[in-house]
Amino acid sequence: MSENGEGNERLQSLLRQLPSVDRLMLSPAAYDLVDVYSRDLVVEALRTRLDALREAIFVGHRDVPMNATIVQEAREWLEELVAPTLRPVINATGVIVHTNLGRAPLSEAAKAAIEAVAGDYSTLEYDVDEGGRGSRFAHSAELLLRLTGADDALVVNNNAAAVLLMLAGLCAGREVVISRSQLVEIGGGFRVPDVMAQSGAKLVEVGTTNRTYLRDYAAAIGEQTAAILVAHHSNFKIVGFSSEPSLAELAAFARERELPLLYDQGSGALLNTARYGLDEEPTVQQALADGVDVVSFSGDKLLGGPQAGILCGRKDLIDRLRRHPLTRAVRPDKLCLAALSTTLHHFLVQEAEKEVPVWRMISRSLADLEKVAEEWARRLRDAGILVTVVDGFSTVGGGSLPGSTLPTKLLAIDHPEIVALAETLRRQKPAVIGRIQNNRFVVDPRTVGETQVDALLQLLARHARVQTGA
Ligand SMILES: *Cc1c(COP(=O)(O)O)cnc(C)c1O
């Protein structure tokens, strides 16, 4: 027999050793899988494994695994298939409103409120007093009016939708005047000029990148002007030779011209950030007190609640927005409304610092962070980790308060393979997301959830240990 024929013979013999799907399906282990994953998926998993093994034999692999091993590999394939891609992570970055990590974590009460309406029917659009149809838009409205001093409020899906609706509902087919310094991209591709174009409003840019005066607005206003828009810079800061009229000045000016002043505030801050050593962020209620006619903001930035967009302001204007067809397309769901009302409640009874995670993190004292960092460092050293506590900074994030930082205490971990360590930690469940700084893996305790501390320290102890001596 030729050498080639001999090779072929061996190949055929290896392929014959592979069991059939039917045969594997008869094993008790496969039975167990069928219970969990359904017969169809288990068959697919086994077929996929067998195909891969056949491929491997063709390219030169010479061993056929035992049946139990093939079923075990099918189990792993199935586990991977059904594993949620959206899952909890440990945020050790020190960025409080981390857009990529889901922005604001919810308070315990907000989580409970979601749970309470999730599995049962609810009063979403039902008025129990009247025994008939109610409005989903009523749920957070009363609380928003109390907290912001607005005459009316409307909740939608997110702030990008709120801005779109505000412009479509009040300015479509007409002109909106905005300062050039505010034609910004917020992140995730949200560009103020693009959103304005989608709304059907025509953008009229005034002033320059660094300086805009009331007289610039005055020169741009005409028959076609529907409103003046102010967009909060949010994620960048203009420093040095710059100026814009204040909200109060613009509001007085807009009133004189009988034009509404619209304000995309962004962050949803209801508490004064300056009290915590951060730059001053205009609060929603201050903007309304300054005379803004409609203000829009996110629910999941400094408000510390669920993803939502909130519009507060003059009754006649909010009413028009509520009746606009686009509102139906951007309405919030019941889980959002449940969590939002509960979050607002924390502000109403003045317990936000204690109960709303974003504000608890912002208001955490350096002394507390130092105590925690030292305690964690001691536990990690006991586990053989090379760690020191160093000074550092946390940031608010979420496009809020650029350049504004909070002093913190960091755990800085030494490891010879720092990039590989960071990757290993990212792949854990829960994933640990930290920072690499000065070639060390850095953990900021400020943003680590209380219930995640043990998991974090265990994962670090397991993966960050450095093999010494021997
Ligand atoms: C974040 C932000 C937005 C977008 O809000 P989303 O809730 O992410 O849709 C719009 N405008 C400003 C000023 C922002 O800061």
Side-chain angles (χ1 to χ4, degrees), residues 95-106 140 144 153-168 170-171 176 178-199 201 203 227-238 244 247 250 261-270 273 278-284 286-288 292 294-313 321 326-327 329-333 335-337 339-340 343-344 358 395-404:
V95 180
I96 296 172
V97 181
H98 198 305
T99 299
N100 303 141
L101 303 183
R103 288 198 182 159
L106 296 178
S140 298
L144 283 165
L154 177 63
V155 180
V156 295
N157 189 37
N158 58 28
N159 188 33
V163 175
L164 178 65
L165 176 62
M166 174 164 76
L167 295 173
L170 305 177
C171 313
V176 184
I178 184 169
S179 166
R180 287 206 165 82
S181 59
Q182 295 161 11
L183 294 173
V184 297
E185 174 171 318
I186 310 291
F190 180 91
R191 288 184 165 183
V192 172
D194 294 344
V195 173
M196 293 179 79
Q198 287 302 315
S199 74
L203 191 71
I228 296 173
L229 175 68
V230 177
H232 189 46
H233 295 153
S234 248
N235 55 0
F236 76 104
K237 210 165 155 176
I238 299 182
E244 282 171 8
L247 276 180
L250 262 178
L261 177 63
L262 313 178
Y263 178 40
D264 175 13
Q265 189 268 356
S267 74
L270 293 176
T273 46
L278 294 163
D279 285 351
E280 181 139 10
E281 176 96 350
T283 61
V284 174
Q286 187 56 51
L288 289 163
V292 166
V294 179
V295 56
S296 79
F297 51 96
S298 294
D300 54 353
K301 290 180 179 174
L302 290 180
L303 196 65
Q307 177 188 305
I310 299 164
L311 291 151
C312 286
L321 299 181
L326 189 55
T327 302
V330 296
R331 70 183 190 180
D333 83 312
L335 306 183
C336 160
L337 290 168
L340 181 61
T343 304
L344 293 169
V358 164
T395 57
V396 171
S400 308
L401 299 161
S404 209

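Computed from heavy atoms alone, side chains included, the values below leave out hydrogens, waters and symmetry copies. Remember, it's 1-based here, ligands and their atoms both numbered in the order they're listed.
- Formation of a donor-acceptor pair under 3.5 Å by the S199 side chain with backbone atoms of L164 is not found in this model.
- Taking S179 as the reference, S181, T212 meet the side-chain hydrogen bond (donor to acceptor under 3.5 Å, both in side chains) condition, with sequence neighbours excluded.
- At least one heavy atom of D264 sits closer than 4.0 Å to an atom of ligand 1.
- A pairwise comparison of heavy atoms in L261 and V292 identifies O-CG1, 3.6 Å as the closest pair.
- Looking at L164, V195, N159, it is N159 that brings a heavy atom closest to atom 10 (C) of ligand 1.
- For the pair E281 and T273, the tightest heavy-atom approach, listed with the atom from each and the gap, is N-OG1, 2.9 Å.
- Residue K301 has at least one heavy-atom neighbour below 4.0 Å for each of these atoms of ligand 1: 1 (C), 2 (C), 3 (C), 14 (C), 15 (O).
- Atoms of ligand 1 found under 4.0 Å from any heavy atom of R103, numbered from 1 in the order shown, are 6 (P), 7 (O), 8 (O).
- Residue-ligand proximity, H232 to ligand 1, at heavy-atom distances under 4.0 Å covers atoms 13 (C).
- Smallest separation of non-hydrogen atoms from N159 and F297: OD1-N, 3.3 Å.
- Annotation: A160 places an N or O atom under 3.5 Å from an N or O atom of ligand 1; distance criterion only.
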